[in-house]
Structures are given as C-alpha cells and as structure tokens.
Amino acid sequence: MIGRLLKIGWQYRRGCLKLLALQALLLATALGGLGLTGVGIDAVLFRAGAVARPPVYPFGFHPPTEWTALQEVALIAAMILVLSLLRGWLNYIYAVASGRLIHEQIVVDLRAMVYDRLQRLSFRFFDANATGSIINRVTSDVQSVRAFVDGVIIQLVILLLSLVCYLVYMLRIDVGVTIACLATTPILWIVTVIFSRMVRPAYDRIRELADRVVLTLAENFQGVHVVKGFGREPEEIAKFGRAVEAVNREQQSIFWKVSVFTPAIGLLTQFNVVVLLAYGGYLVTLDRLALGTGLVVFAGLLSQFASQVANLTNITNSIQQSLSGARLVFEVLDAPIEIQSRPDALGLPRARGDVQFENVDFEYEPGNAVLRNLSFSVRAGQCVAILGGTGAGKSSLLALIPRFYDATGGRVLIDGVDVRLLRVDDLRRNVGMVFQESFLFSHTVAANISFGNPLATRGGIVRAAKIACAHEFIEQLPQGYETVLGEGGMDLSGGQRQRLAIARAMLLDPAILLLDDPAASIDPHTEQEILAAMQQAMQGRTTFVVAHRLSTLRHADVVMVMQEGRLVQVGTHAELLATPGHYQHAAQLQIQP
C-alpha cells in the first residue's frame, strides 16, 4: 500500500520537488540566521575583551579592521534581518505552492479518479456498500491519501534533509559533543516504531465508525417522514449521538497515546540539552569551544534537531491515517468493473428489438439463485407483461437486458447477439427503462426529461412529455419546463415523478422499453391516460411491463407469470384467464368487488 501511495506521489513529482527546493532554501536561511547569531555573540565578547578568540565569519569574510564595534554588530544584525525577511517571503511562496499542489491538483484529481471509478462499477458494488461508506471514500478518505503526499512524503524528506544538515553542522562544531548529545537518538526511533504499531488499529476503527456516522445521518435524512410519522425523533437523536460518541471515544484513545508519546520524546530531547550544557559548557571554560558559534549555535541546532525528531509524531500519525484511508480508497479503485465492453465488442446503432433468454440463471450472492433456467423469446414490437409476487425475480429479469448485471448462467440475446458481446453504451442507448422508484435530479424539468439525451430539442422534450401525459401538469408549474425541482423531485407527487420518468425514457426513442411497475404510484384515472398514450409509444418497439393490474395486463401480447425465479405460466391474457393457476387467481381477486 505504501508503494502505491508513493506511486501517486510520483505523479506530482514536479510540484513536490518545488516544495522541497523551497524548504531547502528555508533551511539554509534558518541555519544562516543561527550562525550569524553565534557570530554576533562572539563579536560582542571579542570587542568587549571577554575572550581572546576573534569571531569566525562565514565564507572567509572579515569586516574592515577600521570598523568600530557598533558597525560590526550593526552589519551582523542587518544580515540577520535580511535573512528573516527572505525567510518570511519564502514561507509565503511555500504556502501558496503547497495549497495549489494539494488542494487544486491532488485532491481534485483523486476525487475525480474515485468518482470516475464509481461511475463504472456495476450495481453489485453499490448493493454491497452502504451509501455513507461510499460518500466517505470521495471525501474524507481521499483527504487521507492526499495527506500522505504532503504530510508524509514531503515532510519525511524535509525531516531527513534537515537532520542531515543539522548533524553535519554539529559535527563541524565538535564531534565529541555531537556524539554525546545524540546518544539517545536510537531510543527515539525505537519508541516511534512502537507507537506507530500501537495506533494503527485505532485509526482503522475510526474509519469504520466514521462510515457508520455518515450512514446514520444519510438514513435519517432519507427517512425523515418515517421518523416524524412514528415520533421517533428522540430515539434517532440518541442513535446519532451514540455513533458520534463511539468515534469520539476512539479518537480520545489515540489522543491519550499521543499525549504520552509527545512528552516522552520531549523528555529524551531535553536530556540532550542537559548533556550539552554540562559537556559543552565545560569545553567553553577550557576555551576549546566558542561560546557564540560553538555552544549557542550548537544549542540552537540541537533544539531544531529535537523538533524535527519530535515531528516524527505528526508524520507517524499521518502515515497511519493515510494507510487507513488509502485502504478504503483502493477498495474502490481495485473493485473489478464487472460490466464493461470487450475490446472486440460489436456496435448496435439501432436494435430491431428481438429479445431471447436461453437457460438463464442469476444470483446476487453465490448459492442464492434469484432466476432459475429462464428461457423465452420475444419478437420485436411485442408487449410482454410480467406478473409475480414479491421476490419472484421480475426486476432482476429486466436488469439483465441492459446488462445492469450479467447472467451467472445461460445467455441473454438482443437480435440474436449475446448482450455481453455488444458495446455497453450502444446496448443501453437502445433500452429505455422506468424504474419502480423514479429518481429525479435537482435540476429543471426539461433537464430531467432530456437526461439521457442532453442535445434534445424543446419540441422533442414536449412530445415525450405529452406521450407520458405529463405536459399538462408541467405547464401548470411556476416556470413550466424551466421549473427547478427539489432534491429527488420531492415537490412533485408520486404520479408526477413517474410520468416524468416515462417521458425521460420516451425521449430516447428506444427499441426496447422496460417498465418496472410504472402504474404502482399512479391513480386509476392517470393510469388510463398513460396506458392510452403509451399504445402509440409501444408501436415498433419491444416492451416489457412489470404489472399487477388487469388494466395493464390485458393490453399485453404475452403475459409471463413468475414464481421463485421461474416461469410458471406464459400466454395471452385471455388464455391465462381461462387456465387454472396463479394468473386466474390474481385476476379473480381484482374482479371481485
């Protein structure tokens, strides 16, 4: 996983190298300012006669001998000020460059990558994953992957670069003092590795609990009518509070570990300062080490060295967060695209509409068959009605025609060609579908109708709406076809939403039309209007209608009755009405007063 994260970072190597170059300049200005501070102290002591050793300027520079002490100190102060201003400007440039790389490139690209993959995955992936979990993949989990680039890769290189520079600088000052002060460094690394292994499981649990929080929130919003209808607001508030509290407890556990780890690192680094003051101070008294460019600069370097080592805490946390989030993001990116066009897939500009099932079996989960050995043929232009109880497999049968799923056994053929041999886009452009629960987008009425054909003209949209008996109520909306619908079309009735969905399917002018119980949420009067209008729409196209009302079934050319994933009766309305069986029984129940 770390290798894959590094590969992602490599894609943005130019931006990362720019940040590293800026950090190198910042490091150089910091070391320069620290070194000049030491030179200033030594210069003051030398001019005051406190020490016999003259200050050692960098790069062999020496101020003119005729300069006064004030001029010399003023020069050093001016150089420190210039470096400070330069450092501030570099920090600004770094912040801007970092923001652009992280938030304008990496985050945007990663979210687009995950969203693109989600669009290509089959229904099976969405069946197996909760909505809240999927939302977190695109939001917080992507941020975790991003954190690996700026919080791990860049920071780790900066840390190593800084430690090397500090170490070289300290060795140049005095090898013995350096060895004595950094003797505890191996212990710091060991403690860091132990800490990293301790907190990793906790970060994984936080990810799972965070998914549960989003799922609870999404379900509550979607089912707000049910919650209020049953007066369950207090229980739902308590449920959400428990989910949030579970995340809080896990985070507190991590915070407690961090609060122990950070002072422990600080204690070890402070021990190094004690060693420096004892041993380094002793060398100063023997005049073997300068006070300014020796002890003071070394103390500054040791402090910076300690802060970089302590920064391992943040890097360790970032690694654990990144690994936890990356695992979930890679689950999406690695999920197999089950439904896709083969390299040698056949085109299907305009299908005739012949549909054939040959010994088709289907199961959502292995060992749990939904459809069993289905075989039938439908000629182009025929209307087929499907009747059956809940769980009989009616919707699953329809879902196999446009390849929302692939059959686990047998073949589904369109115009004599296995649908798995056709280009998916071509196949679905020839199949219009109205789902049992129609979904509308938060957009205009016209945009919802033309969703499958964005280039449709206003005339085509109006014609499709008239076929679906939707034109009249659309005209009565505040802005007509330009009325913006609320989320999910909740400001429309169920029948109105269903008619817009039918209009959306009609606009495609598909060769095959799939209607999954279109009259389920439509009153009898509107049903008659739609059935009358759709008689013209069904001309020249193959239509599958899942229905339970005789008013719909009697207009079909063929009626198929399903039970437990099998076809138990096939015939016309009149034939099945005269034959004892499930169809006759269902018809009698509707005829009886």
Side-chain angles (χ1 to χ4, degrees), residues 27-81 83-84 87 159-191 263-311:
L27 178 61
T29 57
L31 292 177
L34 182 60
L36 287 173
T37 301
V39 171
I41 293 174
D42 287 346
V44 171
L45 293 175
F46 178 74
R47 290 284 189 166
V51 296
R53 179 186 300 181
V56 179
Y57 283 87
F59 308 113
F61 171 78
H62 292 284
T65 55
E66 65 273 11
W67 276 22
T68 63
L70 181 60
Q71 288 176 313
E72 186 175 355
V73 172
L75 173 64
I76 297 172
M79 294 171 66
I80 294 175
L81 178 61
L83 286 177
S84 298
R87 183 175 176 80
L159 183 143
L160 294 175
L161 177 64
S162 301
L163 291 182
V164 169
C165 291
Y166 295 146
L167 180 61
V168 171
Y169 203 153
M170 287 189 286
L171 288 172
R172 288 188 58 191
I173 294 174
D174 192 281
V175 176
V177 174
T178 303
I179 295 174
C181 291
L182 300 183
T184 60
T185 300
I187 301 176
L188 297 178
W189 288 103
I190 294 173
V191 171
I265 295 295
L267 179 63
L268 289 174
T269 55
Q270 289 303 313
F271 178 76
N272 296 335
V273 177
V274 174
V275 173
L276 172 64
L277 293 177
Y279 185 40
Y282 171 72
L283 294 179
V284 170
T285 60
L286 297 179
D287 200 24
R288 290 171 51 187
L289 185 68
L291 178 62
T293 54
L295 186 62
V296 172
V297 171
F298 201 102
L301 292 171
L302 191 60
S303 175
Q304 292 297 322
F305 190 93
S307 66
Q308 291 297 330
V309 173
N311 194 35

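Owing to the predicted nature of the structure, the values given are computational and were not obtained by experimental measurement.
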From CD1 (Ile80) to OG1 (Thr37), nearest 0.5 Å |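 Reported to 0.5 Å precision, the distance equals 4.0 Å.
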Could you tell me the separation between the CG atom of Leu75 and the CG atom of Leu36, rounded to the nearest 0.5 Å?
->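 Interatomic distance, Leu75 CG to Leu36 CG, rounded to 0.5 Å: 8.5 Å.
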I'd like to check [X] versus [Y] (side-chain heavy atoms, cut-off strictly below 4.5 Å). Are they in contact?
| X | Y | value |
| --- | --- | --- |
| Val39 | Val297 | no |
| Leu295 | Leu276 | yes |
| Tyr169 | Leu34 | no |
| Leu302 | Leu182 | yes |
| Thr178 | Leu167 | yes |
| Cys181 | Phe298 | yes |

Taking all heavy atoms of [X] and all of [Y], pick out the closest pair and write down the distance.
| X | Y | result |
| --- | --- | --- |
| Val177 | Leu283 | CG2-CD1, 3.4 Å |
| Cys165 | Leu31 | CB-CD1, 4.1 Å |
| Leu27 | Arg87 | N-NH1, 4.3 Å |
| Tyr279 | Ala180 | CD2-CB, 4.2 Å |
| Ala290 | Asp42 | CB-OD2, 3.7 Å |
| Ile76 | Ala43 | CD1-CB, 4.1 Å |

Going through the distances and angles, do Leu289 and Tyr282 end up as a side chain to side chain contact (heavy atoms under 4.5 Å, CB included)?
-> CA-CA 9 Å; Leu289 185 68; Tyr282 171 72; over 6 Å; no
